[in-house]
Amino acid sequence: MSILRIGVIGCGGIGAVHLRSWAQVADAQVVAVCDADPQRANQAAAAIQGAHAHTDFHEMLANEQLDAVDICTPPHLHTPAALAAIGHGLAVLSEKPLARNPEEARQIVEAAEAKGTMLMTAFCHRFHPPVEAVKALLDEGKLGRVVMFRNRFGAHFKGVETRWFSDRELAGGGSLMDTSVHSIDLFRYLVGEVTAVTGAFATFNSTLQITPGAVEDSAAILLRAEGGAIGVIESSWQTPFSANVVEIYGETGAAVIDYDKDEARYQLEGGSGWVAIPREARDRFAEEVRHFAAVIRGEATPRMTGRDGLRAVEIIYDAYAASLP
Ligand SMILES: NC(=O)c1ccc[n+]([C@@H]2O[C@H](COP(=O)([O-])OP(=O)(O)OC[C@H]3O[C@@H](n4cnc5c(N)ncnc54)[C@H](O)[C@@H]3O)[C@@H](O)[C@H]2O)c1
């Protein structure tokens, strides 16, 4: 196959990361970029030789010869952008969450399946080298049966009250939807399918508190996996001093991925303490888009699908529905 022609929709924060990542993929070329903000679209296109700028994705899809699109817009646009791209028969990589709610996510998945086009949810953490190393330990049975999974991602999200992240109409939810969607996917990937979930949600940001229908800025959920393992997932936008960590405890071993220190380690029964997982320079975003391109070329089987994106949003809505008072 010749060079894959990619269109990127949304050139904001993560769009810029994806554009840098695509530049590292030898057999793919970003030929078109789209952002509703013309300055952003022009700036992004100017940095890529031969790329055209657009401000309307329908117009981009109608006028460009593309093989795939990479959707990096806020969540309320994932569904219309994905459906339009699928309508043109294109492969789609969509940023997380796949959509604002299970109904929209299901619409995207079913449209791709009906059209026979490839759909992938951008769960970049699956490509984080320490996550890959821990997944290998689990697959080899080194940690034994998983008993518990713990994860926390927290920070102080300054100015969130002025961004789409805090608008339920645009985002579909708060820190659970935006941040813990990655954690739910990690739990499913590393431990197993979720059979039950409950949660507690809070809004501490005083500016958000006065917004009608304010999204949560802090969330904790408790999950059960098939096989019995228990998961605890926490996220907050209101905790400047926070660990960012995944911990997995099995019957014969444990593993810790420390995102703050960029360190990971494991300990096995019969061993002599913690063993450091060697640091790797590979970047999860570049690995993600490289994998998407390899799947389009038929050189790899998808490591995550649209259905994984749908399942994560379903679990989020189940957690909201089962919220503690
Ligand atoms: N995987 C990750 O680690 C990660 C990190 C950050 C964000 N994200 C996800 O990426 C998506 C975008 O987040 P972000 O932080 O880049 O947001 P952002 O606000 O920084 O960027 C969004 C961009 O979309 C553009 N846009 C808005 N309407 C548009 C339209 N109709 N057509 C084309 N472009 C349009 C905006 O002008 C902006 O440039 C979200 O779904 C978010 O959850 C993922």
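As the structure lists them, so they are numbered: ligands from 1, and atoms in each ligand from 1.
- Of all atoms in ligand 1, listed by their number and element, those nearer than 4.0 Å to a heavy atom of Gly13 are 16 (O), 18 (P), 20 (O), 21 (O).
- Of the charged side-chain nitrogens involved, at least one lies within less than 4.0 Å of a carboxylate oxygen, so that Arg311 and Glu314 count as a salt-bridged pair.
- Counting atoms of ligand 1 from 1 in the listed order, those under 4.0 Å from a heavy atom of Pro74 are 22 (C), 24 (O).
- No heavy atom of His125 sits closer than 4.0 Å to any atom of ligand 1.
- Remark: among candidates Arg100, Glu95, His18, Lys96, the nearest residue to atom 42 (C) of ligand 1 is Lys96, based on non-hydrogen atoms.
- Contacts with ligand 1 closer than 4.0 Å are made by side-chain heavy atoms of Cys124 only, the backbone lying farther away.
- Taking only nitrogen or oxygen atoms, main chain and side chain alike, Thr55 does not reach within less than 3.5 Å of ligand 1.
- Crowding of Arg265 atom CZ: a count of heavy atoms from other residues, nucleotides or ligands under 6.0 Å exceeding 12.
- Between Phe201 and Ala219, the shortest heavy-atom distance links the atoms CD2-CB, 3.6 Å.
- Of the N and O atoms on the side chains of Thr207 and Glu161, not one donor lies less than 3.5 Å from an acceptor on the other residue.
- Looking at Cys72 against ligand 1, only its backbone comes within 4.0 Å, counting heavy atoms.
- Annotation for Ala53 and Ala41: closest pair CB-O, 3.6 Å, computed over non-hydrogen atoms.
- With atom 16 (O) of ligand 1 as the reference point, the heavy atom nearest to it among Val17, Ile14, Asp35 is part of Ile14.
- Atom 17 (O) of ligand 1 has its closest protein heavy atom at Trp164 NE1, 3.3 Å.
- Taking the charged nitrogens against the carboxylate oxygens, Arg126 and Asp308 do have a contact shorter than 4.0 Å, which makes a salt bridge.
- For Gln49, the CD atom is loosely surrounded, since the number of other residues' heavy atoms within 6.0 Å does not exceed 12.
- In summary, the atoms of ligand 1 found under 4.0 Å from a heavy atom of Phe165, numbered by their order in the structure, are 15 (O).
- At a 3.5 angstrom cut-off on N or O pairs, Phe285 does not count as close to ligand 1.
- Below 4.0 Å from some heavy atom of Asp178 lie the following atoms of ligand 1, by number and element: 43 (O).
- Nearest to atom 21 (O) of ligand 1 among the protein's heavy atoms is Gly12 CA, 3.3 Å.
- Close contacts between ligand 1 and His78 involve ligand atoms 41 (O) [criterion: under 4.0 Å to a heavy atom].
- Partners of Asp217 under the side-chain hydrogen bond (donor to acceptor under 3.5 Å, both in side chains) rule, at least two apart in sequence or in another chain, do not exist in this structure.
- Between Gln209 and Thr203 the shortest heavy-atom distance is NE2-O, 2.8 Å.
- Distance alone, capped at 3.5 Å, places no donor-acceptor pair between the Thr117 side chain and the Ala91 backbone.
- In plain terms, the two heavy atoms of Cys72 and His18 that are nearest each other are SG-ND1, 3.6 Å.
- Some N or O of Arg163 is nearer than 3.5 Å to an N or O of ligand 1, by distance alone.
- Hydrophobic clustering (side-chain heavy atoms under 4.5 Å, transitive across Ile, Leu, Val, Met, Phe, Trp, Tyr) keeps Ile248 apart from Val245.
- The heavy atom nearest to atom 29 (C) of ligand 1, considering only Leu77, Ile9, Leu98, Asp56, is found in Leu77.
- At the shortest separation from atom 2 (C) of ligand 1 among protein heavy atoms lies His182 NE2, 3.5 Å.
- Near Ala36, with a cut-off below 4.0 Å to any heavy atom, the atoms of ligand 1 are 28 (N), 29 (C), 30 (C), 32 (N), 33 (C), 34 (N), 35 (C).
- In the vicinity of Thr73, heavy-atom distances shorter than 4.0 Å reach the ligand 1 atoms 11 (C), 12 (C), 24 (O), 34 (N), 40 (C), 41 (O).
- The ligand atoms of ligand 1 that sit less than 4.0 angstrom from a heavy atom of Arg40 are 38 (C), 39 (O).
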